[in-house]
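First comes the structure, then the notes that go with it.
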Amino acid sequence: MALISRLCIFVLVAHFATPIVCIRSPINQTPALFVFGDSIFDPGNNNYINTIASFQANYLPYGESFFKDPTGRTSNGRLIPDFIAENANLPLIPPYFEIGKKQFTHGVNFASAGSGCLAETARGFVIDLQTQLINFQNVTQLLKNKVGETESKQILSNAVYIFSTGTNDFTPLLTNSTFQNPDREYLQMIMGNLTAVLKGVYEEGGRKFAMLNLGPFGCLPSIRNLNLQKGVTNGSCMEDATNLAKMFNSALPEMLKQLEKQLPGFKYTIFNFFKVLVDSIDNPTNYGFKISETACCGTGPFRGIFSCGGKRQVKEYELCQNVKDYLFFDSSHPSEQAYQKYTELLWNGTPDIVAPYSLKSFFKLST
């Protein structure tokens, strides 16, 4: 339950102190939202680190559809955490590096484009998941200093913690000339690091964890383009890549069930990002799109070369006329319209899409 402050006003009537009104003022009534992960969720944290343009989106046309200026989000507008905040009646959740000038009792976003569960993934250019945990631990201390031990504990235990991570740990395997399936040990390292971070959040008071599984990244415009370069003439999805996502996705619920057994009060829900993205690609009109294989912004086949904005290695890029027709904004990331549709499904979808809780019921779940 939200903490309640009570303000009772007394007036003297005929020399008797009579209570006439009692105002109940909720403090942080809506659970806070803490966000971890990669470019699917990064609201601009990579603007503040020493990195390169390949891991940034702080230039036009990124952000153009909603913010009018680039924010660092790898989309034409808002991302899933932005739409969740809107649904939950929260303000936009600030990037970690902006909490000095913004309210952070409603939550903080720690995500970093290009990051993964492994510290080795894009090391030196991104904020890996373990470092995101350290940043979260810094915030929990700031929270205690700001609102006190009791209320900070209440905020942290009632909050929702959402994660999108893992894809970038596998992408280096795809660019090797000889593709090799990773051994079981590699997957165990990824899952082990993710487990350690979830436990770290739990130790700080977190109890409600929402996880996105991995999308079919073999079907991204960038990977279709890569497949074409490898001689697959029809530019179809790269099956080996999608199988990596399936491998991670089968391990994820098992790991979460183990944590549920080990950690008292640990609750989780999984959003089947894989299923909804496959369905969007196969049946774009069901989601309001006309084009699902080619990106709005980029160059080359499928606009699959990651050149949107002209600041990365390849400078040439094309921009579509109507972004609302496109499932993908750039070669690797969905459009704002897609994120909005996916958030609707995450917020209040059926159990084949989000289970065991919809995010709406997860926010209402008491801890």
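Hydrogens, waters and symmetry mates play no part in the numbers below; they use all other heavy atoms, side chains included. Model, not experiment: these values are computed from the prediction.
Heavy atoms only, all atoms of each residue included: Pro70 and Ala57 are closest at CB-O, 3.8 Å. Listed here is the closest heavy atom pair of Pro334 and Ile40: CD-CD1, 4.4 Å. The minimum heavy-atom distance linking Leu212 with Leu252 is given by the pair O-CD2, 4.4 Å. Here the shortest heavy-atom pairing between Ser39 and Thr74 reads O-OG1, 3.2 Å. Of all non-hydrogen atoms in Gln137 and Thr140, the two that sit nearest each other are O-OG1, 2.7 Å. Of all non-hydrogen atoms in Pro253 and Asn249, the two that sit nearest each other are CD-O, 3.0 Å.
In this structure a side-chain-to-backbone donor-acceptor pair under 3.5 Å is missing from Ser164 to Gly37. In this structure a side-chain-to-backbone donor-acceptor pair under 3.5 Å is missing from Arg207 to Ala159. Here the side chain of Tyr357 pairs no donor or acceptor atom with the backbone of Val354 at under 3.5 angstrom. At distances below 3.5 Å, at least one donor-acceptor pair connects side-chain atoms of Asn45 with backbone N or O atoms of Ala111. Without hydrogens or angle criteria, Asn283 side chain to Asn286 main chain gives no donor-acceptor distance under 3.5 Å. The closest donor-acceptor contact from the side chain of Asn76 to the backbone of Phe66 lies at 3.5 Å or more, if one exists at all. Under the 3.5 Å distance criterion, the side-chain polar atoms of Tyr342 are left unmatched by any main-chain donor or acceptor of Gln337. A donor-acceptor contact shorter than 3.5 Å links the side chain of Ser112 to the backbone of Ile127.
Around NZ of Lys144, the count of heavy atoms belonging to other residues, nucleotides or ligands within 6.0 Å exceeds 12. Other residues, nucleotides and ligands contribute over 12 non-hydrogen atoms within 6.0 Å of the CD atom of Gln103. At most 12 non-hydrogen atoms from other residues, nucleotides or ligands lie less than 6.0 angstrom from CG of Asn50. Atom CD of Gln313 sits in a sparse spot, with 12 or fewer heavy atoms from other residues, nucleotides or ligands closer than 6.0 Å.
Under a hydrophobic clustering in which Ile, Leu, Val, Met, Phe, Trp and Tyr are joined whenever their side-chain heavy atoms come within less than 4.5 Å, directly or via other members, Ile353 and Phe274 fall into different clusters. Cluster membership for Val323 and Leu277, using ILVMFWY side-chain heavy atoms within less than 4.5 angstrom, is not shared.
The ring-ring contact (aromatic ring centres under 6.0 Å, His included) with Phe55 is formed by just one residue from the set Phe306, Tyr48, Phe125; it is Phe125. Applying the ring-ring contact (aromatic ring centres under 6.0 Å, His included) test between Phe136 and each of Tyr161, Phe163, Phe104, Tyr202 identifies Tyr161 as the sole match.
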* To do: Mind running disulfide bond (SG atoms under 2.5 Å apart) on Cys297 and Cys320 for me, showing each step along the way?
  => CA-CA 6 Å; Cys297 187; Cys320 68; over 6 Å; no
* To do: For side-chain hydrogen bond (donor to acceptor under 3.5 Å, both in side chains), just list the numbers for Arg73 and Ser75, CA-CA rounded to whole Å, side-chain angles, deciding distance to a tenth of an Å, and then say yes or no.
  => CA-CA 6 Å; Arg73 291 165 171 84; Ser75 178; over 6 Å; no
* For side chain to side chain contact (heavy atoms under 4.5 Å, CB included), just list the numbers for Asn272 and Asp352, CA-CA rounded to whole Å, side-chain angles, deciding distance to a tenth of an Å, and then say yes or no. => CA-CA 8 Å; Asn272 198 339; Asp352 59 320; over 6 Å; no
* Could you walk me through whether Asn138 and Tyr96 pass side-chain hydrogen bond (donor to acceptor under 3.5 Å, both in side chains), step by step? => CA-CA 10 Å; Asn138 292 340; Tyr96 171 69; 3.2 Å; yes
* Asked: Can you list the steps and then say if Asp330 with Tyr62 is a side-chain hydrogen bond (donor to acceptor under 3.5 Å, both in side chains)?
  -> CA-CA 9 Å; Asp330 71 11; Tyr62 290 105; 2.6 Å; yes
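Residues Thr131 and Asp128 bring a donor and an acceptor atom of their side chains to less than 3.5 Å of each other.
In this view, Glu239 satisfies the salt bridge (Lys or Arg N to Asp or Glu O under 4.0 Å) rule with no residue, not counting sequence neighbours.
Of the charged side-chain nitrogens involved, at least one lies within less than 4.0 Å of a carboxylate oxygen, so that Glu120 and Arg123 count as a salt-bridged pair.
Figure legend: Arg303 and Tyr317 shown without cation-pi pairing, the cationic atom not lying both under 6.0 angstrom from the six-membered ring centre and within 45 degrees of its axis.
A disulfide bond (SG atoms under 2.5 Å apart) check over residues 204-265, counting only residues at least two apart or in different chains, returns the pairs Cys219-Cys237.
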List, one per line, each side-chain donor-acceptor pair under 3.5 Å for residues 85-95, sequence neighbours excluded.
residue : atom : partner : partner atom : Å
Glu86   : OE1  : Arg78   : NH1          : 3.3

